[in-house]
Amino acid sequence: MKGIVVQKYGGTSVKDTRRIMNAACRVVSYRKKGYDMVVVVSALGDTTDELIELSRQITEEPVEREMDMLLSTGEQISIALLAMAIHKLGYDAISFTGTQVGIVTDTSHTKARIIGMSSDRIKRALKKGKIVIVAGFQGQNQEQDITTLGRGGSDMTAVALAKVLRAKVCEIYTDVDGVYTADPRVVSGARKLDKISYDEMLELASLGAQVMQARSIEVAKKFNIPIHVRSSLSGKEGTWITKEERKMEEVLVSGVTANKGEAKVTICAVPDKPGLASKIFTTIAKADINVDMIIQNVSRTGRTDLSFTVPTSDLAKVRRVAEAISKKVGAKGVMYDKDIAKVSVVGVGMRSHTGVAAKMFGALAEKKVNIGMISTSEIKISCVVKKSHAAKAVQAIHKKFQLGKKK
Ligand code: ADP
Ligand code: ASP
Ligand code: MG
């Protein structure tokens with residue numbers, strides 16, 4: 001055998017039985033070339049969203065343990081169907097849940113982190129000549145409860161398996177040809193990148209480009225695992241996510257993205273006293289809520305408005321916590337704004353070039369898009385705009401930086 005290849009098929013690549021057969025054919029074609037195959041699959045199409053919607057019809061704030069019990073069922077369907085499809089092609093395959101292959105996570109339900117993984121069972125199956133199929137997105141905590149790894153978590157399963165199995169490559173199959181300068185569904189002139197650095201992909205993914213899960217890129221970077229993002233519907237070469245190279249720094253901006261999954265929370269008229277911000281954000285962190293952008297308005301009256309953004313999916317939890325804090329610190333109540341989107345530009349070239357922010361604000365101003373909040377880091381700039389302006393903003397920025405042109 002030539003070594004192990006890990007492939008991951010996203011929901012779009014297994015959305016119906018025809019696509020499942022298509023994925024099976026590709027897996028078998030690699031097998032015929034002499035590779036040991038370990039295949040991670042996501043739930044069929046929009047199954048995960050549909051399961052979430054079902055739970056929402058019952059309660060706004062489901063117990064997270066039960067949420068994981070529910071969501072993990074999606075992937076269990078696809079592994080069995082893919083195994084059957086491979087059998088149909090005359091090859092031996094066996095499917096496993098996360099628990100069965102010993103993926104151990106922490107106890108943080110719905111966004112658990114992998115803390116260990118055994119490869120014995122997979123290796124034994126491979127030795128017997130089987131194609132191994134593993135359910136993405138799921139694991140088990142030390143109390144033997146099923147956990148899930150956060151949205152898009154099958155990417156994490158694939159990267160983690162590639163690491164423990166020392167795979168030759170980790171291929172991520174999706175419905176686009178690779179990573180683009182912007183979401184090709186939003187910007188028609190978006191260009192496929194041949195290569196992108198881990199850091200840029202990490203930022204793009206964290207800032208809304210759902211083509212890869214951000215946390216999986218952190219792990220890939222840490223262990224230097226090369227990732228090839230490509231289409232399950234064509235044989236074309238996709239995008240390689242790799243270590244940063246000198247040449248990458250020459251490009252000012254690599255991509256632009258929008259995230260519509262956040263809401264703005266404002267705690268109004270907080271007394272302007274030392275220690276209050278610390279008190280507020282410690283309480284929020286203790287509730288396991290990820291706060292993103294934070295702004296505090298200038299205080300002229302001894303009171304100040306404190307705004308921050310959180311994932312919309314955490315909003316029910318945030319409401320409970322924020323309202324309690326507001327009372328405790330003597331603020332005048334909490335306001336919520338779900339009508340926001342965060343638009344960002346990303347590029348390692350920003351480390352050595354200036355003027356990116358001005359150019360980005362210029363593009364937004366020309367389109368009369370108002371900016372609500374701004375945040376920057378070494379390789380990204382983000383602006384909060386109205387949700388309905390997100391597509392227009394991304395298109396304008398893409399054009400301004402001429403990202404559609406080959407560099
Ligand atoms: P999968 O089911 O394979 O996990 P996803 O729907 O999660 O697929 O991710 C693929 C989608 O990500 C694409 O259809 C594309 O619209 C979207 N996307 C957003 N930003 C980008 C980008 N910069 N490059 C490529 N795809 C992107
Ligand atoms: N099915 C899960 C989700 O939709 C995991 C994944 O597709 O990667 O988030
Ligand atoms: Mg995905």
Side-chain angles (χ1 to χ4, degrees), residues 7-16 19-20 22-23 40-53 67-68 70-79 98 110-112 134-139 147-160 171-194 196 200-217 227 229-233 238-239 241 253-261 311 313 343-347 390-391 394-395 397-398 403-404:
Q7 293 185 334
K8 173 252 171 177
Y9 292 87
T12 49
S13 297
V14 290
K15 71 172 185 187
D16 53 31
R19 292 245 173 126
I20 292 174
N22 171 63
V40 175
V41 241
S42 294
L44 270 54
D46 295 327
T47 304
T48 309
D49 289 328
E50 286 157 15
L51 292 171
I52 292 173
E53 174 50 31
M67 207 55 203
D68 281 349
L70 175 69
L71 296 188
S72 62
T73 61
E75 272 68 13
Q76 206 169 327
I77 296 173
S78 32
I79 51 169
T110 76
K111 43 189 163 207
V134 181
F137 177 53
Q138 54 177 258
T147 51
T148 62
L149 311 176
R151 293 308 306 270
S154 299
D155 295 334
M156 177 59 91
T157 310
V159 171
E171 293 188 323
I172 303 289
Y173 284 98
T174 183
D175 65 341
V176 283
D177 285 338
V179 180
Y180 279 69
T181 49
D183 186 342
R185 274 188 285 203
V186 177
V187 179
S188 58
R191 178 173 51 89
K192 192 203 82 186
L193 300 161
D194 296 334
I196 186 167
E200 286 169 317
M201 190 66 235
L202 182 56
E203 289 284 10
L204 278 181
S206 316
L207 296 167
Q210 94 252 35
V211 64
M212 283 289 304
Q213 189 208 30
R215 274 163 57 174
S216 70
I217 305 294
I227 297 178
V229 181
R230 55 194 307 196
S231 168
S232 62
L233 307 170
T239 303
I241 307 175
V253 165
S254 298
V256 47
T257 183
N259 183 0
K260 295 185 185 169
S313 53
V343 178
S344 314
V345 295
V346 171
V394 168
Q395 287 153 3
I397 295 166
H398 194 270
L403 298 182

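Just so you know, ligand 1 is whichever comes first in the structure, and atom 1 is the first atom listed for that ligand. Atoms considered below: every heavy atom in the structure, side chains included; atoms not considered: hydrogens, waters and symmetry mates.
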So, does [X] sit close enough to ligand 1 that a heavy atom of it is under 4.0 Å from the ligand?
| X | value |
| --- | --- |
| Y173 | yes |
| A190 | no |
| T257 | no |
| L204 | no |

Does any N or O atom in [X] lie less than 3.5 angstrom from one in ligand 1, N or O only?
| X | value |
| --- | --- |
| T181 | no |
| S13 | no |
| V179 | no |

Donor-acceptor pair, distance only, cut-off 3.5 Å: does the side chain of [X] make one with the backbone of [Y]?
| X | Y | result |
| --- | --- | --- |
| Q138 | S72 | yes |
| E75 | S42 | no |
| N22 | L233 | no |

Check: Any N or O of K8 that comes nearer than 3.5 Å to an N or O of ligand 2?
Finding: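 N/O-N/O distance under 3.5 Å: no.
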Next item on the list: Would you kindly specify which portion of E75 sits under 4.0 Å from ligand 2, judged on non-hydrogen atoms: side chain, backbone, both or neither?
Entry: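 The answer is the side chain.
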Heavy-atom contacts with [X] under 4.0 Å: which atoms of ligand 2 show up? List them by number with element.
| X | value |
| --- | --- |
| S42 | 6 (C), 7 (O), 8 (O) |
| R151 | 3 (C), 4 (O), 9 (O) |
| T48 | 1 (N), 2 (C), 3 (C), 4 (O) |

Notebook entry, point to check: With backbone taken as N, CA, C and O and side chain as the heavy atoms from C-beta onward, which portion of K8 lies under 4.0 Å from ligand 1: side chain, backbone, both, or neither?
Noted result: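 For K8, the contact with ligand 1 is made by the side chain alone.
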Item checked: Residue selection (non-hydrogen contact nearest atom 25 (C) of ligand 1) among G11, G178, A209 ->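 Answer by nearest heavy atom: G178.
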